[in-house]
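This chain uses plain numbering: 1 for the first residue, then up along the sequence. The figures that follow rest on heavy atoms only: side chains count, while hydrogens, waters and symmetry mates do not.
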Amino acid sequence: MAKTLPLQPGRHEPLGAHVRDGGVNFAVFSAHAWRVEVCLYDEAGQRELARYPLQGPVDGIWSGFLPGAKAGLVYGLRAHGPHAPQEGHRFNASKLLLDPYAREIVGQFSWQAEHHGYPLGHPDGPLILDARDNGAIALKARVAPPRADQPGGMVDPRAHAPRHPPASVVLYEVHVKGFTMRHPDIPPALRGSYAGLAHPAAIAHFKRLGVTTLSLLPVQYTIDEPHLAHTGLRNYWGYNTLGFFCPDPRLASAAARHDPTAVTQEFRAMVQALHAAGLEVVLDVVYNHTPEGNEWGPTLSLRGLDQKSYYRLQADDPSKLENLTACGNTVRVQHPRVTQLVLDSLRYWVGEMGVDGFRFDLAPVLGRTDCGHDPHAAFYTALRQDPLLSQVHLIAEPWDAGPQGYQLGNFPGRFMEWNDKFRDGVRGYWLGRGPDGGPVDRGALARRFTASSDVFQQGQRSPLASINFLAVHDGYTLADLVSYSRKHNEANGEDNRDGRDGELCHNFGAEGPTDDPQIRETRRRVQRALLATLLLSQGTPMLYAGDEIGNSQGGNNNAYCQDNEIGWLDWDRADQSLATFVGDVLRCRREHPLLRHGRWFSSVGDDAVSLRWFHPSGRDMRQEDWHDGGQQTLTVRLSDGTEDLLLLFNPSPCDQAFQLPPPTMGRSRQAWTVLLDSSGVTPTGRVETLALSVPSRSLLLLTAPAPA
């Protein structure tokens, strides 16, 4: 048994364990505990050396100061309190708990029965207390060295951060390991790592495309779900966060992976290198649930510290947790101390790690109160007022799994939102089928092209609030959505039951790869038309890594557990011509401000940006035209007094004749110049007539500059 020793009085802030004044200060929140202890372990985390009761609570904070302690100290927490599941309390001092504020984590987690607060398999389950001690096998926190003691510690990590104007932002959703693991120009020792993503070969690809902002899939410390433990699979995506202040060591290079301090340094170096190249870094963060799962789950951290404060409980049965995330539990962000935990974590990643923003997984959870989602929730208010966090990108996945969980368009302030209406509308238009199997009308395309004004043109929102995408990690890749008619998730071990059923896709005549030249050409054209629509539409575009090189996952639309060739980008088969095309389209976007502005279209005001829709015959679109299911071709003209742009959409399988509308007043009737044809058939250059044949399944972009 470890010795129990006294601590000196400590400070109540900051929460966590921090080196100061010749020792280490501990501060932990628990509103319902009777006693909280800090347990010190040897360097390997195997043997408990001493226990120190913290003093308190004061406003729910337990604290203490250990003189003479230094960085590198390994510790865990034990919380004594009521074991009263019917009231929502699950205290069990036999379970060593990970400090939620741990900045370094040591140990290798494995799923064992001792991690549960009840005897696993007992018929009464969580009602029974399990007294087995899991200290030897539990993950522990390690006190991190102060920034001043680390390499580059005195340098502001955001001193050289780029600040791209909102209208110029182009997002690129990417998995650190998936992008780098098979890249032939990244040294083998760096593949799969933060250092690999910052390698010049990776940066050269990002710059070639013209993206500005990398949106990294989760990089915070994660563990695998228990059902994967015996399958040989793992949580590849990382949406199962346990350490909210720690970069995941699984994504560090082999040289750094076993030293948490080195992992942190490698992550910081990655951010600095990307910043030096003019690239922003946004993190996908998971503050909506934890790996502790439902009431049958383990006791690892928050549950043992104070389940009733940290998690949402069912109102009619507090022994059970609300499951608004489909992951077993829901973090109770409305609690002030839980709000503080999330905000402190966000500030850490910005202020000490240097990142440029966040994409919030299942974001409605963050604004849920007892009355549902509230756009004016305290968490959102705190974000908008925070002097640091109010300056970075804030992106919402605008749905969760609870009642009224779909909140697209209902986030406040500068939030941008993943717009699935764009995904489905644009996919359906070019694939020739909507969710119901019928065609998607031209009106749907028009709404999505104009930044979904039906959703976002309210409450002083900008068109840039709409994050437009065709594919993301969750679903088909672009290559697969034009190559398969159904999902193929057999490798996930769930008999193809997992993943989204009915996701919009079309194989155009063959399931999967084919040698048929006609099918291959059709797929090529549709991919390019989809990409051109994405990158030229109003709003903020987001590419999914690999779509620009034709990467396939073999029809798997839920590759969350595929940390292998299914989930990694296949650079050996990369379609470099497609990547060149993406770079060309994004260059058009950069060079023509009409394609990337932050104002809604209007015909009023000196700086108005106007838009006008035309029938392919050249006349204005009429009411009945929008509902003509037999005709899908469409023309739109954008004007701002400096330039006219014309976009011609032809999703049909045949070439179509378009009568071009004239440029706006004061310009030649034959002033149009072709800038881009997604099919590659129409040559660029001046158009000598107002009649133009538009190739099948293609989008054309034309310009008419104002006379000098």
**Report entry** Sub-6.0 Å ring centroid separation between F29 and H12
**Finding:** no
Query raised in the report: Do the non-hydrogen side-chain atoms of P6 and Y52 ever get within less than 4.5 Å of each other?
Result: no
**Report entry** Within 6.0 Å of CZ in R20, more than 12 heavy atoms from elsewhere
**Finding:** yes
Report task. Write down the atom of G243, the atom of I105, and the distance for their closest heavy-atom approach. Result -> CA-CD1, 3.9 Å
**Report entry** Any donor-acceptor N or O pair under 3.5 Å, side chains Q112, N134
**Finding:** no
Query raised in the report: Cut-off 3.5 Å, side chains only: do R142 and T261 have a donor facing an acceptor?
Result: yes
Report summary line: Quick note, salt bridge (charged side-chain N to carboxylate O under 4.0 Å, His left out) partners involving residues 52-66, not counting sequence neighbours, are D59-R337
**Report entry** Backbone of G409 reached by a side-chain donor or acceptor of E417 within 3.5 Å
**Finding:** yes
Query - Salt-bridge contact E48-R78 (side-chain N to carboxylate O under 4.0 Å) - result: yes
Query raised in the report: Do N323 side-chain atoms and G328 backbone N/O form a donor-acceptor pair below 3.5 Å?
Result: yes
**Report entry** Heavy-atom closest pair, residues I223 and L300
**Finding:** CD1-CD1, 3.9 Å
Report task. Would you sort out whether R51 and L40 count as a side-chain contact (heavy atoms from CB on, under 4.5 Å), showing the intermediate values? Result -> CA-CA 6 Å; R51 294 189 183 187; L40 303 189; over 6 Å; no
Report task. Flag the pair R250 and D224 as a salt bridge only when some basic side-chain nitrogen lies within less than 4.0 angstrom of an acidic carboxylate oxygen. Result -> yes
Report task. Taking R414 for its side chain and A465 for its backbone only, find out whether a donor-acceptor pair lies under 3.5 Å. Result -> no
Report task. For side-chain contact (heavy atoms from CB on, under 4.5 Å), just list the numbers for V392 and L394, CA-CA rounded to whole Å, side-chain angles, deciding distance to a tenth of an Å, and then say yes or no. Result -> CA-CA 6 Å; V392 301; L394 303 174; 4.2 Å; yes
Query - Pairs where residues 378-401 contributes a residue and the test salt bridge (charged side-chain N to carboxylate O under 4.0 Å, His left out) is met, not counting sequence neighbours - result: R347-D386, R359-E397, R368-D400
Requested in this report: Would you check if there is a donor-acceptor pair between the side chains of N235 and Y560 at a distance under 3.5 Å?
Outcome: no
Query raised in the report: Rounded to the nearest 0.5 Å, how far does CD of E43 lie from CG of L73?
Result: 11.0 Å
Requested in this report: Step by step, work out the salt bridge (Lys or Arg N to Asp or Glu O under 4.0 Å) result for D21 and R11.
Outcome: CA-CA 12 Å; D21 302 330; R11 295 179 182 174; 3.5 Å; yes
Query raised in the report: How about H473 and W237: are their ring centres within less than 6.0 Å of each other?
Result: yes
Query raised in the report: Is there a donor-acceptor contact under 3.5 Å from the side chain of Q307 to the main chain of G88?
Result: yes
Requested in this report: Check the pair R132 / H116 against side-chain contact (heavy atoms from CB on, under 4.5 Å), numbers first and verdict last.
Outcome: CA-CA 9 Å; R132 289 176 297 176; H116 291 73; over 6 Å; no
Query - Side chain proximity check, S193 to V176, heavy atoms < 4.5 angstrom - result: no
**Report entry** Validation row, ring centre Y41 to ring centre Y75 under 6.0 Å
**Finding:** no
Report task. Check whether any side-chain N or O of T241 sits under 3.5 Å from a backbone N or O of T222 as a donor-acceptor pair, and report yes or no. Result -> no
Query raised in the report: Does a side-chain heavy-atom distance below 4.5 Å link F65 with V24?
Result: no
Query raised in the report: How close do A141 and L98 get, heavy atom to heavy atom, and via which atoms?
Result: N-CD1, 3.7 Å
Query raised in the report: Does a side-chain heavy-atom distance below 4.5 Å link L217 with V174?
Result: no
Query raised in the report: With no hydrogens and no angle check, do the side chains of D130 and N92 hold a donor and an acceptor under 3.5 Å apart?
Result: no
**Report entry** H18 backbone acceptor or donor facing N25 side chain under 3.5 Å
**Finding:** no
Requested in this report: Check whether the side chains of S345 and Y287 place a donor and an acceptor atom closer than 3.5 Å, and report yes or no.
Outcome: yes
Requested in this report: With rounding to the nearest 0.5 Å, note down the distance linking CZ in R90 to OG in S319.
Outcome: 9.0 Å
Query raised in the report: Regarding H275 and D356, is there a side-chain donor-to-acceptor distance under 3.5 Å anywhere?
Result: yes
Query - Side-chain (S309) to main-chain (A31) donor-acceptor, under 3.5 angstrom - result: no
Requested in this report: Report the C-alpha distance between M353 and Y348 in whole Å, list the side-chain angles of each, state the deciding distance to 0.1 Å, and finish with yes or no for side-chain contact (heavy atoms from CB on, under 4.5 Å).
Outcome: CA-CA 7 Å; M353 304 296 265; Y348 172 77; 3.8 Å; yes
Query raised in the report: If we ignore angles and hydrogens, is there a donor and acceptor under 3.5 Å between the side chains of E266 and S253?
Result: yes
Query raised in the report: Under 6.0 Å between the ring centres of F91 and H32?
Result: no
Query - From CG (L197) to CG (L214), nearest 0.5 Å - result: 6.0 Å
Query - Y311 and its side-chain contact (heavy atoms from CB on, under 4.5 Å) partner, picked from T330, V338, N329 - result: N329
Report summary line: dist K177:NZ -> Y236:OH (nearest 0.5 Å) comes out at 8.0 Å
**Report entry** Other residues, nucleotides, ligands: >12 heavy atoms within 6.0 Å of Q340 CD
**Finding:** yes
Report task. Can you measure from CD (E114) to CG (L96) and round to the nearest 0.5 angstrom? Result -> 13.5 Å
Query raised in the report: Minimum heavy-atom separation for P318 to E87, with atom names?
Result: CB-C, 3.9 Å
Query raised in the report: Is there a side-chain contact between V281 and L274 (heavy atoms, below 4.5 Å)?
Result: yes
**Report entry** Criterion side chain to side chain donor-acceptor pair (under 3.5 Å) on Y239 and D361, from CA distance to verdict
**Finding:** CA-CA 8 Å; Y239 290 93; D361 182 64; 5.1 Å; no
Requested in this report: Only counting residues at least two apart or in another chain, list the ones meeting side-chain contact (heavy atoms from CB on, under 4.5 Å) with N294.
Outcome: W296
Query raised in the report: Aromatic rings F415 and F411: how do their planes relate, parallel, tilted or perpendicular, breaks at 30° and 60°?
Result: tilted
Query raised in the report: Regarding N489 and N558, is there a side-chain donor-to-acceptor distance under 3.5 Å anywhere?
Result: no
Report summary line: Shortest non-hydrogen pair, Y194 vs V263, comes out as CE1-CG1, 4.2 Å
Query raised in the report: If you measure from the Lys or Arg side-chain nitrogens to the Asp or Glu carboxylate oxygens, is any gap between R303 and E292 under 4.0 Å?
Result: no
Report task. Would you please say whether a donor-acceptor pair under 3.5 Å links the side chains of D420 and Y406? Result -> yes
Report summary line: Interatomic distance, CZ@R147 vs CG@D156, rounded to 0.5 Å, equals 8.0 Å
Query raised in the report: Taking the six-membered ring for Trp, are the ring centroids of W349 and F244 within less than 6.0 Å of each other?
Result: no
**Report entry** Test of ring centre spacing under 6.0 Å for Y380 and H373
**Finding:** yes
Requested in this report: Considering only NZ, NE, NH1 and NH2 on the basic side and carboxylate oxygens on the acidic side, decide whether K140 and D42 come within less than 4.0 Å.
Outcome: no
Query raised in the report: Any chance the side chains of N564 and Q562 put a donor and an acceptor closer than 3.5 Å?
Result: yes
Query - Nearest atoms (heavy-atom pairs only) where D284 meets E173 - result: OD2-OE2, 4.4 Å
